[in-house]
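See below for the structure under consideration.
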Amino acid sequence: MSAPVRVRFAPSPTGQPHIGNVRTALFNWLFARGRQGKFIVRIEDTDQTRLVPDAVEGILDGLRWLDIDWDEGPEVGGPYGPYFQSERLDLYQEAARGLMEGGHAYNCYCSPERLQEMRKQQMKEQKTPGYDRCCLNIPAQKLREYKDEGRVPVVRFKMPDPEEITVQDIIRGEVSWRSELLDDFVILKSDGFPTYHLANVLDDHDMEISHVLRAEEWLPSTPRHLMLYRALGLEPPLFGHLPMILGPDRSKLSKRHGATSILEYKEMGYLPKALTNFMALLGWSLDDRTEIMDRRTLVENFSLDRVVKSGAIFNREKLDWMNGVYFRNMSPEELTERILAYWEEFPASQILRPLDRGYLMRIAPLIQERLKTLRDASGLTSFFFQSELVYEPQELVQKGMDLKTTSAALEQALSTIDSSVTFDAETLEERLRALGSELDLSGRQFFGLLRVATTGSKVSPPLFQTMEVLGRDRCSHRISKAIEALAAS
RNA sequence: GCCCCCAUCGUCUAGUCUGGUUAGGACGCCAGCCUUUCAAGCUGGAGAUCAGGGGUUCGAAGCCCCUUGGGGGCACCA
């Protein structure tokens, strides 16, 4: 009988979350959902100097967009709150006091300048930088001086005597460190706020977190956390260090790798389902072939023993492909709604407003298998919304044709279109094909010409369906204009 | 500099625990088919001496050792 699964995503509101952060959240979420566990969001806002306004909102919006819901945390609350560390300061201060009383921590009055100088010196001597325990035993006299000067101390954790510290990492197996290589790190800052180490350890315990699943960059701080748990007399949770998401140069993902905020992926036109499917595959796999998976499949099959150890480069081209797969698997209705919602949020200048759902409903199927991102939709459909096209005469004239034959073909097509009783793709194809062979033009020539005349471009959705959606009047008008453009050239 | 982690096609990965088919799949790339364009789809192809070197073994991508390479960490940041 094991304890219930309780995992958390603990972002720091110092900016917008990127793919790496969110992938960590996703793995935690998948793990919780697959094991009837709880997924908790905790905001680690202990650095007052780096707080970014609206960062919390951005983080939560990102999670919401991807349908990663949390059982406890901001907005929803929960029995282990508050879920903002800035609202739990007394807990940390009390714990720090307890550690000091138990001889596991001490006050340090060293100035930032001295510490910096010390590190500089250590680096120069090619030694591992670390606190020199200058304040471990401060003489009473000195202590009085510090207090008279009004100096405010930090609290440092006192590393115990040399020993081997070992963690059984769920993903990496056994990892050990020598404690003497770790220094007396700060647990409580002079502003009364805890550092990450203290707050994280205390909260994970208080919130009864069962598994700490975090990025590999935290692996080196795990021995410190283990030491803290022991000094505090607390049972540590299980740890699993997830592989990192790397930039194209294989280094840690950062601002300089370009578009990193998760909400930018929304703006770039990716579908949340496609993006989560893709992220799930960054460091995890179901088997040797399954790639397209819905939420349920992901939740039911996700397991930590299939998470790889090595970092993964984020590959946009494959995401584009996968996004396209999701478009193709959609119903035309859903596709229409998606495009509509996207244009609503990110208006495109080429698209006529107000948006007409019925019209778009007829257009959407024509671009469905051509779409990679929602952002592409406006470029692919703009000619449906423009009232007048601009023609390049040389684009109208097809290979093996000239101005005269082009004009003549357009005249003929115009009368065919105008005289056609019905105006649907099937009829149009039948009649225009007949006309094409009558004019002794290849499909490439004749339909290419009509395509440019009706859509203004050499590339478009299938011609006859496109014409049907455009309607007789518009097609007729556009072809006349094309004839005029030819005449004027 | 010190500590830790990692290492299979360009990229994401399967296979490693429990040595034994031409090392499998996907993206991308190339070619062909389909075709009114672009896509999509279908078929085929190129692409990994499993980082390198030593062992162990009848047999090593897999087990052991060494080396190299890459990454992460060493703050009153998380």
Side-chain angles (χ1 to χ4, degrees), chain A residues 10-14 44-47 49-50 108 110-112 115-116 119 122-131 152-156 169 171-173 175-178 181-183 185-191 193-197 199-200 215-223 241 243-244 246 248-252 278 281-292 305-306 308-322 324-325 328 367-372 380 429 432-433 436 442-452 455 457-464:
Chain A
S12 170
T14 53
E44 309 221 322
D45 54 348
T46 55
D47 186 347
T49 65
R50 293 203 312 157
C108 168
C110 293
S111 66
L115 294 171
Q116 201 178 350
R119 269 191 291 273
Q122 288 165 333
M123 295 286 231
K124 206 155 80 184
E125 291 167 24
Q126 306 228 308
K127 286 199 292 210
T128 303
Y131 185 59
V152 184
V154 301
V155 178
R156 285 185 184 273
D169 191 275
I171 301 192
R172 275 149 229 284
V175 183
S176 342
W177 299 263
R178 293 298 314 177
L181 265 12
L182 272 25
D183 72 345
F185 56 96
V186 173
I187 56 176
L188 200 68
K189 301 182 257 189
S190 55
D191 63 358
F193 279 70
T195 59
Y196 168 80
H197 302 297
N200 194 266
E216 192 194 340
E217 58 188 304
W218 299 111
L219 188 54
S221 57
T222 306
H241 288 89
M244 308 222 296
L246 279 18
D249 59 355
R250 289 218 149 267
S251 72
K252 192 172 161 178
F278 180 76
L281 256 14
L282 245 33
W284 174 83
S285 63
L286 172 59
D287 54 29
D288 62 339
R289 57 193 68 251
T290 315
E291 300 215 283
I292 303 299
D305 50 21
R306 290 197 62 86
V308 299
K309 297 186 185 76
S310 50
I313 294 174
F314 180 81
N315 178 206
R316 264 282 286 279
E317 283 173 336
K318 187 154 182 175
L319 172 59
D320 282 348
W321 163 77
M322 192 171 278
V325 170
R328 277 169 246 134
I367 60 164
Q368 184 154 15
E369 61 191 32
R370 276 154 258 264
L371 220 47
K372 282 207 183 325
L380 254 23
E429 173 155 13
L432 289 170
R433 256 186 211 290
S442 68
R444 203 177 201 79
Q445 291 173 312
F446 191 41
F447 302 142
L449 163 59
L450 288 175
R451 180 186 314 286
V452 175
T455 72
S457 165
K458 290 197 278 197
V459 176
S460 84
L463 180 62
F464 307 113

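When heavy atoms are screened at a 4.0 angstrom cut-off, Thr49(A) is found touching no nucleic acid atom at all. Contact annotation for Pro461(A): base contact, defined as any heavy-atom pair under 4.0 Å involving a base atom. At the heavy-atom level, Arg119(A) lies under 4.0 Å from the strands shown only through sugar-phosphate atoms. In this structure, Met123(A) reaches neither bases nor backbone, as no heavy-atom distance under 4.0 Å exists between it and the strands shown. As judged by a 4.0 angstrom heavy-atom cut-off over every strand, Arg172(A) is placed among residues touching the sugar-phosphate backbone only. At the heavy-atom level, Thr222(A) lies nowhere under 4.0 Å from the strands shown. Residue Thr46(A) is in sugar-phosphate contact alone, with no base atom involved, counting any heavy-atom pair closer than 4.0 Å across all strands shown. Contacts of Cys108(A) with the nucleic acid, taken as non-hydrogen atoms under 4.0 Å apart, are absent. Nucleic acid contact class of Val154(A) (heavy atoms, under 4.0 Å, all strands): base. Within 4.0 Å (heavy atoms only), Lys458(A) reaches at least one base atom of the nucleic acid. Nucleic acid contact class of Phe314(A) (heavy atoms, under 4.0 Å, all strands): none. Residue-level contact check: Thr128(A) touches the bases, meaning some heavy atom is under 4.0 Å from a base atom.
Nearest to the side-chain atoms of Pro462(A) among the listed nucleotides rG25(B), rA78(B), rU37(B) stands rU37(B). Ranking rC76(B), rG24(B), rC3(B) by closeness to the Leu181(A) side chain, first place goes to rC3(B). Between rG70(B), rG73(B), rC38(B), one nucleotide has an atom nearer to the side chain of Val459(A) than all others, and that is rC38(B). Nearest to the side chain of Arg370(A), among rG25(B), rU37(B), rG1(B), sits rU37(B). The nucleotide whose nearest atom lies closest to any side-chain atom of Glu216(A) is, among rG25(B), rG70(B), rC5(B), rC5(B). Candidate nucleotides rA26(B), rA78(B), rC74(B) were compared by shortest atom distance to the side chain of Ser12(A), and rA78(B) ranks first. For Leu219(A), the side-chain atoms get nearest to rC4(B) when compared with the rest of rC4(B), rC76(B), rA78(B). The side chain of Asp47(A) approaches rC77(B) more closely than any other nucleotide in the set rC77(B), rG73(B), rC76(B). Among the nucleotides rG71(B), rA26(B), rA39(B), the one closest to the side chain of Glu369(A) is rA39(B). With rU11(B), rA78(B), rC76(B) as the choices, the nucleotide that has an atom nearest any side-chain atom of Asn315(A) turns out to be rU11(B).
The phosphate of rC27(B) has neither OP1 nor OP2 within less than 4.0 Å of any side-chain N or O from Lys372(A). In this model, the phosphate group of rG28(B) is not approached by any side-chain N or O of Arg316(A) to a distance below 4.0 Å at OP1 or OP2. For the OP1/OP2 pair of rC74(B) and a distance below 4.0 Å, the side-chain nitrogens and oxygens of Lys127(A) include no atom meeting the criterion. OP1 or OP2 of rC38(B) has not a single side-chain nitrogen or oxygen of Arg444(A) nearer than 4.0 Å. Between rG41(B) and Arg328(A), a contact under 4.0 Å exists linking OP1 or OP2 to a side-chain N or O.
Leu182(A) contributes atom CG, which lies 9.0 Å from atom CH2 of Trp177(A) (distance to the nearest 0.5 angstrom). Rounded to the nearest 0.5 angstrom, Met244(A) CE and Ser251(A) OG are separated by 8.5 Å.
Ranked by how close their nearest RNA chain B nucleotide is to the 5' end, Glu291(A) and Ser460(A) are led by Glu291(A).
The aromatic rings of Trp218(A) and Tyr196(A) lie parallel to each other, their planes meeting at an angle below 30°, with 60° marking the opposite boundary.
The two atoms that bring Arg119(A) and Pro129(A) nearest to each other are CG-CB, 3.9 Å, heavy atoms only.
No cation-pi contact links Arg156(A) to Phe185(A), judged by a cut-off of 6.0 Å to the six-membered ring centre and 45° from its axis.
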In the 5'-to-3' direction, what one-character label does each nucleotide of nucleotides 13-22 of chain B receive under the scheme B = base within less than 4.0 Å of a protein heavy atom, S = sugar-phosphate only, - = no such atom? SSS-------

